[in-house]
Each structure stands twice: as C-alpha cells, then as structure tokens.
Q: 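I have a structure I would like to understand better, so I am pasting it below and will then ask my questions one at a time.
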Amino acid sequence: MEITMMMYLIPSLIMFGCGVYGFITRKNMIAILISLELMLNSVDINFTVFNRFLFPGQMEGMFFTLFAIGIAAAETALAIAIVINVFRAVNKVDIRELTKMKF
Amino acid sequence: MEFSYTVAVLIIPIVMFLFLGIVGVKLSKKTAGVLGTCAMGVTTLIAYAAALTYFFGTEQGQIVDGVRQQLEVMNITWLEFTENLVIKLGILLDPISAMMLIVITTVSLMVHIYSLGYMDGEKGFQRYYAFLSLFTFSMLGLVVATNIFQMYIFWELVGVSSYLLIGFYYTLPAAVSASKKAFIVTRFADLGFLLGILILSFYTDTFDFVTLTSNPGAAIASAGGATFMGCSVMAWALTLIFMGGAGKSAMFPLHIWLPDAMEGPTPVSALIHAATMVVAGVYLVARLFPVYCLEEGTMTIITVIGCVTALYAAAVACVQSDIKRVLAFSTISQIAFMITSLGVARPELHEGVGYMASMFHLFTHAMFKALLFLCAGAIIHAVHSNEMSKMGGLRKYMPICNIAFLIGCLAISGIWPFAGFFSKDEILVAAYANSPVWGIWLSVVAGMTAFYMFRLYYKIFWWNNPDYGHHTPHEAPMTMTFPLIFLSLVSIVAGFIPFGDLVTWNREGLTTHINWGVAGTSTVIAVGAIILATLLYRKENAVPEKMADSCRGLWTAAYKRFYMDELYQFITHKIIFACISRPIAWFDRRIIDGTFDMLANVTNSASYAVRKLQGGSIQGYVWVYLAGAALLAAIAIICII
C-alpha cells in the first residue's frame, strides 16, 4: 500500500482537535499545557509532511520544525514556571478559579 | 580697544545681583548692604573713568575734526539667524551714553548709600540690594546698547527690575497691584516698540544705531515711499518706537502707572521712577534723533504729547496731598519737558539746541529730582506718613533736609544759579525757536512747576506746627544725609557744566549763551509763582481751602487726576473685558475645550461598555477566538466559492 499525504494529515488533524478540545475543557493548568503541546506537535507534523511531499528536494520545512520544537520546549519551561508560581501564590491550579486578571 | 574696561560696569552689577540673590540670605544684612554699595562704588569709579576720558581725553581718537566719534568699544555677535538678521551685543560710547553712565552710576550709588539707612531693619534687605544691582546692570546695558535690539532686551530687563522693586513690599495689596499695573502698562507700550523695531529693521536691514543715524536719509528712503493708512511706513515705525518710549517715560496717556509706582520704597522711586528708568524714552528718541528729525509728522506728535503731558501733570501736581505723588507728577511733567524739547529740536534751529537742552535737562533733573525724592524719603522716615496733613513745621526738626529740599525746589523751579535754570532756559529757547506757541505753553508750565514745588515745600517745612506727641521727628542718620548733601552740591553746580561743548545732536561743539530775554521772563514767572506759594502756604490759613471751594469741580477733577484711571478702568473692564475677552473666553471654554472634552468622554464611555468582555475566564477567551477564526474561515470559503 502506498503511503499518501492524507495518512499523515488525518492523524495530525485529530491531534489538533484533541488539543483544542483539551484546552477548552480541562480544568487543570498542566493538562491545558499538555493540550497546547499537542496542538504544536500536530502543526510540526504538518510542516514535515508538506515538505516531504510537496518540495522533496528541499529542507526548509524540516528545519522549521526543529526550531519550533526548540521554541516549544523553552515556552513550556516558561509556562511551567508560571504555573508553579501561581500555585505557590494561591495554592490552586484550577483555571476556572483563577479569574483575578480582568478589568 | 582703549575703552574695553568699560565692560566691567556691566559685569560687576550682574555678578553682584547673582551673588546677593543666591547667597544673600546667608549673609548678615549689614554685610549684604555694604557689599552691594562697595560694588556700586567700584562700578561708579569705572564709569566715571570711562566717561571723563571719553569727554576730556584726546589720545584715543574720540574727536576727529571737532566731531566726537561714536566708539564701538565692544560688539560681539550674539545670535546669527541669517546673513542680515544678526543680533549683536556691545558697548557704544558716545556723548549721550557717556553722560548717562555718569547719571546712572551717581544716582545709583547715592541710592545704595541712602538705602543703608532708609531700609535698615527691613525684611528682605539682601533681596532689595540684589534687585538694585539688577536694575543698575539693566539700565547701564540699555544706555550703552549698540543696536536697537540690545536696547529692547535691556529695556524689558529694566521693566522687570522696576516691577520687582515696586512690589518690594509684596504683602501690601497696593504695592502688588501697583507693580502689576506698571508692568502691564509699560509692556503694552513695548508692544508698539517691538512692532516699530520690526518695521524699521525690515526696511533698513539693520538694527545698528551707528548705521541708522550716520545716514538717516538712506534709512528713511529705504522704505521706498511705502505707505500704510496714508502715512509713510517710516513715520509709523518711528511713532510706534516712540510709543514704547512714551510708556516707559510715562507720557500721557500711558502715564497712569508712574504715580502708583510710588508704592515702592522711596529710594527706589528716586533711582528708577525719577532719575533713570523713566528717562529711557527720552534717551531712545535722542538715540534715534537724526532719523526722527526727518519725519516732521512724528516730531509734531512727540511735541504735542510732550506739551499735553507737561500741562496735565503740572495741573494734577498742584492739588495732590501725598508728597510722593506730587513728586511723581512733577517727574512726569519734567520728562515731558525733555520730550517736548526733542520734539521741537531741528538741526537748523540754533544748531539743534533742543537736543542738547533735552539731554542737559535730563542730567540736571536726574540730580535734583533724586535729591527731592531722597529728602521725601527722609521726611517719611521721620513722620511715618506720606500725607502733607501729617507734616508741617519740620524745618526746626530737620535742618539739613530743609536746606536740601529747598535747593531741590529752587533747582526745579529754575532759579539762578541752580542747575534747573540753565537746562530749562535752553529748553525754552528751543521751544520759542520752533514756535512761540510751544514756548508760551512751556513757560506757563514752568510757572506752575515753581508753584506746586513751593506749595509742597511750605506744606512740609512751614505751614502749621502739629503736635507730634512723643514721636518727635528727627534728622536722618549720616548714611541718609550724606547723599542729600552730595546731590545738593551737584544740583547747585551742575548748571555750569559746558553741556553745549559735550553733548549735541551732531556731536560737534555748540556755543551756548544764556538768552536773557527768555531766561529773564521765565525767572520772573518762577519768582512770581514762588511768591504766590509763599503767600498762600507759608502760614496755616484758610485761603487755599477757600480757593479750592471756589472751583471745587476743577479741584476735584485735578485731585482725581482728571479721571484718567477711571477712564482706563472703564475701557478695560466695561469694553475690552466685557465685550471682547468674555465672548472669547466663552468660545474657548465651551467650543474648543468642549470638543476635546467630548472626544475624551466618548472614548471613556465606550471603554466602559466593552470592558466586561475581559472577564478573567481564559477558556472563554479561547471560545471567542475559535469562533472568530471559524467565522473568518467561513467567510473566506464563501468568497472563494
């Protein structure tokens, strides 16, 4: 069986959907962060797939993915630090109770 | 240059002002006063050295072919805007500026010494001396100005120092309003001055006095016959410049600030409002005299304003009861004499004697009027009042002051051999030479001068002998009597200075001789007026009161200064404020401010309306974001299909 582009894109789409669903529905901030990572990774898959199938001779998509993974790691570290600090301050990680930042 | 040391007369006072102004409060009062006086003494010596070398020296090229040269001792470029628009600062030595150096430093030094006694124990003594230094600096800078713009800068500076010194007793509402009045009225006049400078320099392409006056015909011709409202623009420019001078010199109808300026300390009145600053207008016209005398119309305006002011002020001075007010109006009247003298002066009439007479009178008047004011200060110091009714019989208590005041009165009345006789005689000669109308007019005013001065003298020193109680008046301390004695001597001998050789319009020598026809007549008039005053006021009697009753309306009008202040009050409050300023203020507050207030209010209420969207629920924001993205995607798809 020949492997087509769609075989990558459909799982990627499912991953993205899961990420969005999780981001909206989860209460725990760590879980929300995981959902965010899921969305990022689905996008990374898209990049490599499009590069592999549409521009086979070139590497830009691959490099872009590598950069995105690096930045995602740094961003996760930052987000975790914020979550930990929020937890220390108010002893909570439930996003629905953290509504202080408003008008 | 040989005269370059003259710059010290400007540097010493300004340094003293900064020093006393910044660290003055740390010094004791005595130190500050003595320091200021010593600095003024040094300035005086330098100024005398410069002026006397200029007048009587020969070695530095002051005189070429019998003409005194105008020496630009220093002239540095201060601001350079374009090729033609260059503002310079410098020192110009010529006969009138050298003469003014002597006048200013002499009177200023006397006032500095006098104030050591007069202002003793006053709050703000150091500040007072700082301001005196500032004034001296500004006035000296004004007279040595090489160009009209430098003069304008220092002109405003003397205005500021006058404002500061009139309002010296800033806790008294009268002093505060008098200082504001002086500043606003002179500032209004300076608006004309600035316009005049701009017009003049626009056409002549120069601010420089030497360039303007060395070829006045070219200056006038540079306008090329341009006219505005039927008069040539040069006439406009010169009249506007004269308006600035009239404001500073308290000419009718811009005189209203000077009588109120008497709220300041008396030595300040002597220095600023009698001897130096108020003659700045005369000096200005004299400075540009070669240009002025080519504009016949402007000269007529100057003459008429001078004559009207002289008569008006003399009439008011005859009935005032505050001794400083009498002296203030007599100052206005005497300055009007100088202005008239310039107005009637023509190069072809007796070799331009009017110009020389004006400067001569400026010199002698500065001396005897400063003397009179300082005497008035001593009297006020002794009886603690400005009102004539609180005085009388003071000749027994204050003999030195009595003699000094008498000398001042004789000098201003024009009795031989006192200074005023010579200078007033020259003015009358110039006036008669121009037209007998002006001559007779000024002779009448000179008679009135003698009358009101001797009315003042008798009311203070003779009249009655009121009960001073335990507060017996006494002679002033030495620091105060010394300036009186010095200025008395100057008032006696100043008339014999050969002014005709020193100060003339073309800077050549001029042979003067006493015109006994004119001098005899004016002496007879003056003596008659003095005798009349003696009969009326020597001893307390009811005749003056009866005379006042017989023409009560005129008397009250003169006492109220012919309602000039009320007229100004009416024009400013009822017409300008009510009809012009108030609608403009309404427009500003309602329309202009209102527009911007409305913009701010709309933004504010819109923000209030939408701020609820930021509810703090992060997942809510995501929903909105998703919905928005979906909507945009839907729109894109629809558009593509």
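Protein chains get the first letters and strands the later ones, always in sequence-line order, with residue 1 at the start of each.
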Q: Given heavy-atom pairs under 4.5 angstrom as the criterion, report whether the side chain, backbone, both or neither of A/Arg96 touches chain B.
A: side chain
Q: What part of B/Tyr608 lies closer than 4.5 angstrom to a heavy atom of chain A: side chain, backbone, both or neither?
A: neither
Q: Considering non-hydrogen atoms only, spot the tightest contact between A/Leu38 and A/Gly19 and give its length.
A: CD2-N, 4.0 Å
Q: For A/Ile95, is it the side chain, the backbone, both or neither that has a heavy atom under 4.5 Å from a heavy atom of chain B?
A: side chain
Q: Could you tell me which non-hydrogen atom of A/Phe23 sits nearest to which non-hydrogen atom of A/Met39, and how far apart they are?
A: CD1-CE, 4.0 Å
Q: Tell me, for A/Leu98 versus chain B, whether the close heavy atoms (under 4.5 Å) come from the side chain, the backbone, both or neither.
A: backbone
Q: Any sub-3.5 Å donor-acceptor pair from A/Asn85's side-chain atoms to A/Ala81's backbone N or O?
A: yes
Q: In terms of heavy-atom contacts, does OH of A/Tyr21 have more than 12 from other residues, nucleotides or ligands at under 6.0 Å?
A: no
